[in-house]
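Because the structure is predicted, anything quoted here is derived from the model rather than measured.
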Amino acid sequence: MSRLKIRTKIMLLFTLLSAVLLGALVPTVYSSVAASLRQTLQARLQMAMSQVISSVEIQNGKLHMDLEELDVKGSVHMCIAGGDGALLYDSGNAGWLSEAGLESGEGYISHGGRQWAVRTQKYEIGDAEITVMAASSTEYVDNSLRDLVLLLLVLAPVYLAFSALGSYFLAKRAMKPVRQITQAAQIIGNGELSRRITSVKTKDEVGELSETI
């Protein structure tokens with residue numbers, strides 16, 4: 001690497017730094033997007049559960065649900081089980097949820113060859129206890145994350161290419177006064193002592209070197 005020109009070294013170092021930063025940034029972006037999508041999915045399940053609970057009431061000591069008021073989206077599968085485990089309500093063929101033995105809280109399970117986000121919560125209405133279970137396929141989240149990975153795989157090389165070209169151009173431009181000084185010094189060294197370095201107009205260290213020479 002010692003034989004490389006300074007502008008080439010600058011380009012390589014800047015590109016390496018960009019690659020390191022990109023390597024740290026990409027996993028962070030992926031994790032943030034994945035967490036946001038999963039939180040949105042769980043929030044959708046919680047909203048559907050709240051809608052179902054709002055339709056449940058006690059009539060003559062028994063649980064009653066106004067099913068006509070329910071408008072659970074087709075993407076959300078739900079079921080309600082009584083305190084004895086008996087299935088009281090089932091939407092979207094979600095009876096398998098009551099057989100999954102899920103604990104209260106949120107999680108992910110596999111069923112029917114698909115991954116599902118699941119939320120389970122127990123409620124007490126009067127003297128009765130019910131368990132509400134909601135599930136939604138993670139297909140949308142998985143597809144979105146897959147598209148994000150493909151996008152990052154395309155953009156990362158493009159970003160590194162622009163970083164390399166940009167750094168090389170800037171380094172070449174920054175080293176131009178040095179090349180002019182070198183050329184003038186070679187002419188002076190060949191015996192043309194009247195030659196002066198007048199092409200360097202910068203006020204930085206290179207300009208000071210030019211004035212000194």
Side-chain angles (χ1 to χ4, degrees), residues 20-159:
V20 172
L21 293 176
L22 191 63
L25 181 62
V26 167
T28 302
V29 171
Y30 180 88
S31 300
S32 299
V33 173
S36 178
L37 289 174
R38 293 190 178 104
Q39 288 177 0
T40 300
L41 187 57
Q42 289 291 344
R44 185 190 306 168
L45 295 179
Q46 182 61 52
M47 184 179 300
M49 293 173 67
S50 299
Q51 181 183 355
V52 169
I53 289 300
S54 65
S55 67
V56 178
E57 57 184 12
I58 299 293
Q59 290 184 357
N60 300 324
K62 295 182 179 181
L63 288 175
H64 174 75
M65 290 180 294
D66 190 350
L67 300 180
E68 294 182 355
E69 292 185 0
L70 290 180
D71 184 25
V72 179
K73 297 183 180 299
S75 60
V76 178
H77 294 204
M78 299 196 64
C79 68
I80 300 177
D84 57 357
L87 189 62
L88 303 177
Y89 172 74
D90 174 19
S91 73
N93 298 322
W96 56 271
L97 280 172
S98 62
E99 302 172 359
L102 302 172
E103 299 294 335
S104 295
E106 60 184 50
Y108 296 87
I109 63 173
S110 297
H111 174 74
R114 302 169 70 181
Q115 189 79 5
W116 298 82
V118 181
R119 193 175 188 91
T120 304
Q121 192 165 344
K122 294 183 178 181
Y123 295 89
E124 290 186 1
I125 302 178
D127 296 331
E129 181 181 279
I130 62 174
T131 301
V132 181
M133 292 159 280
S136 182
S137 172
T138 62
E139 183 177 2
Y140 171 76
V141 174
D142 296 337
N143 290 338
S144 298
L145 293 177
R146 190 179 303 112
D147 292 340
L148 176 62
V149 170
L150 293 176
L151 180 62
L152 292 175
L153 289 177
V154 171
L155 292 180
V158 174
Y159 169 76

Looking at [X] and [Y], what are the two nearest heavy atoms and their distance?
X	Y	answer
Val158	Val154	CG2-O, 3.3 Å
Leu41	Ser137	CD2-O, 4.2 Å
Ala117	Thr138	N-CG2, 3.6 Å
Asn143	Arg146	OD1-NH1, 2.6 Å
Trp116	His111	NE1-O, 3.0 Å
Val132	Met49	O-CE, 3.5 Å

Any chance you could measure [X], atom [atom1], to [Y], atom [atom2], to the nearest 0.5 Å?
X	Y	atom1	atom2	result
Leu145	Arg38	CG	CZ	6.0 Å
Gln115	Ser136	CD	OG	12.0 Å
Gln121	Thr131	CD	OG1	10.0 Å
Lys122	Met133	NZ	CE	10.0 Å
Leu153	Leu148	CG	CG	9.5 Å
Met78	Arg119	CE	CZ	11.0 Å

**OP:** Indicate yes or no for a side-chain donor-acceptor contact from Ser32 to the backbone of Thr28 under 3.5 Å, with no hydrogens or angles considered.
**Re:**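 At least one qualifying donor-acceptor pair exists.
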Original post:
Any side-chain heavy atom of Gln46 within less than 4.5 Å of one from Glu106?
Top reply: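 Side chain of Gln46 against side chain of Glu106, heavy atoms only: no contact under 4.5 Å found.
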**OP:** Decide if atom OH of Tyr108 counts as having more than 12 heavy atoms of other residues, nucleotides or ligands within a radius under 6.0 Å.
**Re:** yes
